[in-house]
Amino acid sequence: MLSLAGAPGPAANAAPTRAFPEDARKTTITFAPAGAVLVDDEPVPLSPGAQIRDRANRIVLPSHIRGEYKVRVKFDNRGQVHRVWILTPEEAAVPDPKR
């Protein structure tokens, strides 16, 4: 008898959802040459250890990304961009929780 217990179900094809830190702000960020970023059209420096994750949750180098994206962003204690998650269309459509 063939067991289907290990067979992938409909949920296996669903994209996993990422859990973002509660203090990761949803905003728009623009990546420009030389590591410059604009957060809501204001220039903000990247922290020395800044980490950027693409829609597939892979780490990307700031030098390899250009353009404007909907993101979740965390700042360090100096106000520099420290963590960025580029949002999928589904993640961008989720409203912010009430704070």
Side-chain angles (χ1 to χ4, degrees):
M1 176 181 232
L2 179 62
S3 170
L4 296 178
N13 294 330
T17 57
R18 296 186 282 181
F20 302 107
E22 286 186 26
D23 60 342
R25 188 175 105 197
K26 186 191 273 187
T27 189
T28 301
I29 196 168
T30 304
F31 294 94
V37 296
L38 299 175
V39 178
D40 294 331
D41 295 324
E42 294 293 324
V44 181
L46 290 172
S47 72
Q51 186 180 88
I52 302 165
R53 292 192 172 267
D54 68 9
R55 290 181 179 110
N57 215 37
R58 297 174 296 209
I59 295 174
V60 293
L61 297 174
S63 61
H64 289 93
I65 188 165
R66 297 284 178 270
E68 183 177 281
Y69 298 90
K70 294 286 185 189
V71 300
R72 291 270 182 185
V73 64
K74 280 190 65 152
F75 299 91
D76 67 9
N77 58 358
R78 299 177 75 188
Q80 299 172 326
V81 172
H82 189 59
R83 296 284 183 262
V84 177
W85 295 266
I86 298 173
L87 301 176
T88 65
E90 295 80 15
E91 291 168 338
V94 174
D96 277 337
K98 301 276 189 241
R99 294 186 186 187

To the nearest 0.5 Å, what is the distance between CZ on R55 and NZ on K70? 11.5 Å
Determine the minimum heavy-atom distance between [X] and [Y], stating which atoms define it.
X	Y	value
H82	S47	ND1-OG, 2.8 Å
G79	V44	O-CG1, 3.4 Å
R83	G49	NH1-O, 3.2 Å

For E68, side-chain contact (heavy atoms from CB on, under 4.5 Å) partners two or more places apart: T28, T30
Apply side-chain contact (heavy atoms from CB on, under 4.5 Å) to A56 and list each qualifying residue two or more places apart in sequence or on a separate chain. D54, R58
Min side-chain heavy-atom separation [X]-[Y] under 4.5 Å:
X	Y	result
K74	F20	no
I65	I86	yes
I52	F31	yes
P45	R78	no

Hey, quick one: are F75 and W85 part of the same hydrophobic cluster, counting side-chain heavy atoms closer than 4.5 Å, chains of contacts allowed? no
Linking I/L/V/M/F/W/Y whenever their side-chain heavy atoms sit closer than 4.5 Å, directly or via other members, would V81 and L87 fall into one cluster? no
Side-chain donor/acceptor of R72 to backbone N/O of R25, under 3.5 Å: no
Looking only at atom types and distance, does a side-chain atom of K26 sit under 3.5 Å from a main-chain N or O of V94, one as donor and one as acceptor? yes
